Amino acid sequence: MSKRSTDLETFMEGVISHNPGEVEFHQAVREIAADIIPWLQDYPEYMEAQVLERMAEPDRVISFRVCWEDDNGNIRVNRGYRIQNNNAIGPYKGGIRFHPSVNQSILKFLAFEQTFKNSLTGLPMGGGKGGANFNPKGKSENEVMRFCQSFMTELYRHIGADVDVPAGDIGVGAREIGYMFGQYKRITNHFTGVLTGKGLEYGGSEMRPEATGYGAAYFLEEMLKTKGDSIEGKNVLISGSGNVATFAAEKINHRGGKVLTLSDSAGFIFDKDGINEEKLQWVMELKNVRRGRISEYAEKFSGAEYHAGKRPWGITADLAMPCATQNEILEDDAKTMLSNGIMAVSEGANMPTVIEGIHHFLSAKILFAPAKAANAGGVGMSGLEMSQNSERRSWSNEELSKMLRDLMIGIHKNCNEAGMQKDGWCNYMAGSNIAGFKKVADAMMAFGVV
Ligand code: NDP
Ligand code: 2IT
């Protein structure tokens, strides 16, 4: 038996020395290993087969030059990536992120987490992630199109409907997926479900835009139900104002909750009267069509405040849904939220809470839904889009709404069972890690030493 598997710190020393400087990747691996290593003590067969070590080494890390021409005729160079983490239970699957902060560490953390998340959905999808350090902000439509086409001109050789199926993430929505799908089809002459999050006209799913945010709200609802409680009448903090945040806010409104905040990378808005459906429609138009900043909300709606350079976690509320980016809830934020009486946190973003913050939430025994469970509705709906494309059919909005709801209820149930403690409090963090790990581990064991 390897010493590396038997205690967390020794295991992490190995991960850190093999992946120098990749701090986000170390963080994501530590979060999972902290639950899996103690659990493995009862399953020596996984330890002997070094399954966790193998999962923490991506199958493949692809990086490439993306060269494009801006509107002024200048040649620009970015770096593109695709991390194919693990395809033990299905083709690699996971989003593409375009953001100036993108680097190998961030994409490796996302691809690693995706492997566990996709396993939790119960659908046959492995884990991957990709992206580029390209900043879509302030770029013209034509510049975004040229970038996406150039990105796909390299990426196409590494993906395929049965190989690796990318989707959206930060900075990649329907517009970018359209440009990339068009370029894939142009190069290969294949009309296949090689990307998800597509437009409805060319094989997209009616519920994919809503799925991540709605799913995170459904998970929150399921956790509250275990306490005989509900979202109705609760004050909710939401960060971000993109795809996940706005649809999370929409579902909170549907359930009778009051959304107090939204944010972007420049600051947050606080509307004590609640960001109702009408105001939310305005935000969606602001973000998706005009591509403006959330600060404009406070100019448009009287009574709303804009807090430049700050995050929303100091506002008193009952529930919180971080839906912007990684490490947006710091240790002090978690302490403030707890002292303000937060009851539940459902992570729409990937790894939004730092490890110390998670420890505070878990020690306080609040309802804490980790990203890989709470935001799995997005990739789950992507899995259904893949099925639709393979079968050359489409399901209706009503059918997909029910499937999404059932998917999240099922994920909640599995995590709840795996994470239930003797005192009746559920550690969803441990539950999701263990439930996600087992299926991938069993498949890897079946393949022998690979
Ligand atoms: P969008 O690009 O639609 O929105 C991202 C939002 O987060 C924007 O409001 C953006 O503000 C803000 N944001 C981005 N980076 C930062 C930063 N460094 N600091 C503060 N705010 C930031 O992305 P999504 O809504 O799709 O993604 C949000 C999160 O959800 C990510 O963590 C993503 O990985 C995760 N996720 C997304 C899924 C999906 O289906 N789209 C599925 C599962 C998880 P600004 O405009 O100023 O950049
Ligand atoms: O983090 C995620 O789960 C996503 N960005 C969605 C991935 C997908 O393939 O739909």
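Whatever order the structure lists them in is the order used to number ligands and atoms, beginning at 1. Along the sequence shown, the residues carry numbers beginning at 1. Since the structure is predicted, the reported quantities are computational estimates derived from the model, not experimental observations.
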Are K372 and N433 linked by a side-chain donor-acceptor pair shorter than 3.5 Å?
-> yes
Practice problem: Would you check if there is a donor-acceptor pair between the side chains of E222 and N416 at a distance under 3.5 Å? | Solution: no
Worksheet item: Hey, would you say the Y428 and H412 ring centroids sit under 6.0 Å apart?
Response: yes
Quick check: do I358 and F368 have side-chain heavy atoms less than 4.5 Å from each other?
yes
**Message:** Tell me whether the NZ or CZ atom of K251 lies within the 45° cone about the ring axis of Y214 and under 6.0 Å from its centre.
**Reply:** yes
Between Q149 and Y179: side-chain donor-acceptor atoms closer than 3.5 Å = no
Just list the N/O pairs, ligand 2 to protein, that are under 3.5 Å apart, with the distance for each.
from, atom 1, to, atom 2, distance (Å)
ligand 2, 1 (O), Q114, OE1, 3.4
ligand 2, 1 (O), K117, NZ, 3.0
ligand 2, 1 (O), K129, NZ, 2.9
ligand 2, 1 (O), N350, ND2, 3.0
ligand 2, 3 (O), Q114, OE1, 3.4
ligand 2, 3 (O), Q114, NE2, 3.0
ligand 2, 3 (O), K117, NZ, 2.7
ligand 2, 5 (N), K129, NZ, 3.2
ligand 2, 5 (N), G168, O, 3.1
ligand 2, 5 (N), D169, OD1, 3.0
ligand 2, 9 (O), K93, NZ, 2.6
ligand 2, 10 (O), R208, NH2, 3.0
ligand 2, 10 (O), S382, OG, 2.6

CZ of R82 to CG of L107, rounded to nearest 0.5 Å, is 9.0 Å
Go ahead and list the nitrogen or oxygen contacts between ligand 1 and the protein that come in under 3.5 Å, distances to 0.1 Å, or just say none.
from, atom 1, to, atom 2, distance (Å)
ligand 1, 2 (O), G171, N, 2.9
ligand 1, 3 (O), N243, N, 2.9
ligand 1, 9 (O), S241, N, 2.9
ligand 1, 9 (O), S241, OG, 3.2
ligand 1, 11 (O), S265, N, 3.4
ligand 1, 25 (O), N243, N, 3.2
ligand 1, 25 (O), V244, N, 3.0
ligand 1, 32 (O), N350, N, 3.2
ligand 1, 34 (O), R97, NH2, 3.0
ligand 1, 34 (O), D169, OD1, 2.6
ligand 1, 34 (O), D169, OD2, 3.2
ligand 1, 34 (O), N350, ND2, 2.8
ligand 1, 40 (O), R208, NH1, 3.2
ligand 1, 40 (O), R208, NH2, 2.8
ligand 1, 40 (O), T212, OG1, 2.7
ligand 1, 46 (O), R293, NH1, 3.4
ligand 1, 47 (O), S265, N, 2.9
ligand 1, 47 (O), S265, OG, 2.4
ligand 1, 47 (O), R293, NH1, 3.3
ligand 1, 47 (O), R293, NH2, 2.7
ligand 1, 48 (O), K137, NZ, 2.9

- Message: Between R76 and E143, does any NZ, NE, NH1 or NH2 come within less than 4.0 Å of an OD or OE carboxylate oxygen?
- Response: no
Exactly one candidate in Y156, F151, Y81 meets ring-ring contact (aromatic ring centres under 6.0 Å, His included) with F64; the answer is F151
